[in-house]
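Whatever order the structure lists them in is the order used to number ligands and atoms, beginning at 1.
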Amino acid sequence: MSTQNNTLSSNINLAHQDIISVNQFDTDLLDYLFNRAEEMRHIVETVGGNDWLSHRVLTCLFYEPSTRTSSSFIAAMNRLGGRVIPITQGVQFSSVSKGESLADTIRTLEQYSDVVVLRHDKVGAAQRAADYADIPIINAGDGAGEHPTQALLDLFTIREELGTLDGLRIAMVGDLRYGRTVHSLTKLLLHYDVSLRFVSPELLRLPLTVMNQVIDAGIDVRETHDVADVIDNADVLYMTRIQRERFSDLAQYEEVKGHHELTPELMTQAKEKMTVMHPFPRVGEIHYGIDHDPRAAYFRQIKNGMYIRMALLASVLGK
Ligand code: NCD
C-alpha cells in the first residue's frame with residue numbers, strides 16, 4: 001500500500017494504512033492516537049490486555065539491531081491477543097543472506113501476515129516496501145531517515161509528563177544529523193507552539209532539509225554546541241546517541257563521540273519541572289546518577305512506546 005504525503009486524518013481512519021512518515025499526521029489524528037494510547041494504558045493496567053487482535057499476525061522484519069522497538073511491537077501485539085513472526089534476531093538467518101530482494105521478502109511475508117513492521121538501513125526502504133505490499137507496512141526506522149512510531153511515543157510522553165504540547169521550550173541534543181528520531185520528532189513538533197534549541201557538534205547539525213521546514217513554520221529556533229547554553233530554560237531535554245553506524249569515516253566518529261553528557265551537576269541548572277528524554281540506547285549521554293531524578297522520563301517513555309504501538313496496531317488493523 002502507498003500513502004506517502006497523504007494526511008490520514010480526513011476521517012480519522014487508520015484502517016489498512018501504512019505508517020511511513022510523520023508527515024501523514026495532523027493534530028486531529030495525533031489527538032485520536034493519544035486518546036487510544038490512554039485507553040491501551042488503562043486496559044494494560046486493569047486487565048493486562050484483550051483479544052481485539054486475536055488470529056491476527058504481525059511480522060517484525062528488522063534489518064538493523066533493536067531492543068525497544070521490536071519488543072514493544074511484539075508486546076503490543078501479544079497484549080491485544082495477536083501473534084508475531086519475529087525476524088528480529090538477525091536477518092542474516094533469513095533468505096536475505098542468500099541475496100533475496102526486499103520486494104520478494106515483503107511479498108512473501110505478506111502471504112502470512114496482516115501487518116509488517118520494518119526496520120531497514122536504507123532511507124526510503126519502508127516506502128518501497130509499502131509500494132510492493134498489499135498489507136499495511138509500519139516504518140520502524142529507515143536508515144537516517146525517519147522513525148515515526150518513536151516520534152509518536154516521544155510526543156505522547158511530552159504530553160503525559162508536562163500536560164501540554166504548547167508553549168514548551170524543547171532542546172534536542174546529540175546526533176541531529178543522523179538521528180532519525182530527531183528528524184521525525186522535530187517535524188511533529190511543528191504542529192505546536194514550541195521553541196526549539198538544537199545542540200550538537202558542528203559535524204552533526206540538523207540536516208538543512210529539516211531545518212528549512214522549521215524555519216518555514218516560523219518556529220523560534222537556535223543552534224548551539226553546548227547543552228549548558230540551553231538547560232536552564234528547557235522544558236524538555238531530548239538526549240540522543242551519536243549514531244556510530246552511520247559514519248563512513250570512523251575517525252570522524254572518534255572526534256565527536258562523548259561530546260555531551262548530562263550529569264547530576266548539570267541537572268542542578270535545570271528547571272524543577274522539566275523532563276529528560278532519550279530514545280535509547282544510551283551510550284554515555286546520560287549519567288546513571290540521574291535515573292532516580294523525577295525529571296528523568298526515559299523509562300516511562302519506553303513504556304509509553306508499548307501503548308502507542310498497541311494503539312497503532314489496533315487502528316491499522318481496523319479495531
Ligand atoms: C533509536 C533508533 O533506532 O533510531 N532507537 C530506538 O528505536 N529507540 C535511536 C538510536 O538507535 O540511537
Side-chain angles (χ1 to χ4, degrees), residues 19-22 37 58 60-77 86-91 116-126 137-158 172-188 198-201 203-207 210 236-247 250 253 256-262 275-286 296-310 312-313:
I19 310 290
I20 305 300
S21 161
V22 289
L58 158 70
C60 273
L61 177 62
F62 279 57
Y63 290 73
E64 283 190 334
S66 166
T67 299
R68 278 147 291 271
T69 306
S70 56
S71 45
S72 63
F73 266 112
I74 293 169
M77 196 64 185
I87 309 183
T88 55
Q89 300 297 323
V91 85
V116 171
V117 172
L118 174 69
R119 169 168 289 186
H120 202 280
D121 53 331
K122 300 275 183 316
V123 176
I137 302 292
I138 300 179
N139 182 3
D142 59 334
E146 278 220 36
H147 194 346
T149 69
Q150 177 72 41
L152 293 167
L153 79 89
D154 291 341
L155 201 62
F156 179 65
T157 300
I158 296 173
M172 306 217 198
V173 184
D175 188 344
L176 311 181
R177 178 178 181 181
Y178 297 121
R180 55 195 174 195
T181 73
V182 168
H183 305 162
S184 290
L185 180 57
T186 298
K187 291 182 206 174
L188 278 187
F198 293 111
V199 185
S200 71
L203 183 69
L204 300 179
R205 285 169 63 188
L206 194 73
V210 185
V236 177
L237 207 54
Y238 187 88
M239 305 297 295
T240 64
R241 164 183 80 91
I242 310 281
Q243 308 277 302
R244 182 176 188 274
E245 66 274 33
R246 310 273 179 238
F247 284 73
L250 275 183
Y253 169 75
V256 290
K257 78 167 190 202
H259 162 262
H260 51 276
E261 186 194 11
L262 187 62
T275 185
V276 179
M277 295 169 58
H278 193 307
F280 269 39
R282 67 173 148 183
V283 285
E285 305 82 37
I286 301 180
Y298 27 94
F299 291 108
R300 295 189 289 276
Q301 181 185 0
I302 287 169
K303 193 160 208 174
N304 289 338
M306 181 173 73
Y307 303 135
I308 283 286
R309 287 164 177 140
M310 288 172 78
L312 280 169
L313 288 170

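- Those atoms of ligand 1 with a heavy atom of Arg241 less than 4.0 angstrom away are 10 (C), 11 (O), 12 (O).
- In the vicinity of Pro281, heavy-atom distances shorter than 4.0 Å reach the ligand 1 atoms 10 (C), 11 (O).
- Side-chain contact annotation: Ser200 with Arg177, donor-acceptor N/O pair under 3.5 Å absent.
- If you take CZ on Phe198 and CG on Leu206, they are separated by 5.0 Å, rounding to the nearest 0.5 Å.
- For ligand 1, the atoms closer than 4.0 angstrom to any heavy atom of Thr69 are 6 (C), 7 (O).
- Checked by distance only, ligand 1 and Arg68 stay at 3.5 Å or farther apart across all their nitrogen or oxygen atoms.
- In the vicinity of Gln150, heavy-atom distances shorter than 4.0 Å reach the ligand 1 atoms 6 (C), 7 (O), 8 (N).
- Taking atom 3 (O) of ligand 1 as the reference point, the nearest protein heavy-atom neighbour is Arg180 NH2, 2.9 Å.
- Taken from CG in Asp175 to CE in Met239, the straight-line distance is 12.0 Å, to the nearest 0.5 Å.
- Between Tyr63 and His120, the angle of the ring planes lies from 30° to 60°, which puts this pair in the tilted group.
- At a threshold of 4.5 Å between non-hydrogen side-chain atoms, the residues Asp154 and Gln301 count as touching.
- Residue contacts with ligand 1: Thr181 is placed with no nitrogen or oxygen under 3.5 Å of a nitrogen or oxygen of the ligand (distance criterion only).
- Within the 4.0 Å heavy-atom cutoff, Glu64 does not count among the residues contacting ligand 1.
- Using modelled atom types and a 3.5 Å distance limit, the side chains of Arg119 and His147 yield a donor-acceptor pair.
- In this structure a side-chain-to-backbone donor-acceptor pair under 3.5 Å is present from Arg180 to Gly143.
- Taking every heavy atom of Phe280 and a limit of under 4.0 angstrom, the matching atoms of ligand 1 come to 1 (C), 5 (N), 6 (C), 8 (N), 9 (C), 10 (C).
- Residue contacts with ligand 1: Glu245 is placed with no nitrogen or oxygen under 3.5 Å of a nitrogen or oxygen of the ligand (distance criterion only).
- Among protein heavy atoms, atom 8 (N) of ligand 1 sits closest to Pro279 O, 2.8 Å.
- The closest donor-acceptor contact from the side chain of Asp142 to the backbone of Gly124 lies under 3.5 Å.
- Atom numbering of ligand 1 starts at 1 in the shown order; those under 4.0 Å from a heavy atom of His147 are 2 (C), 4 (O), 6 (C), 7 (O).
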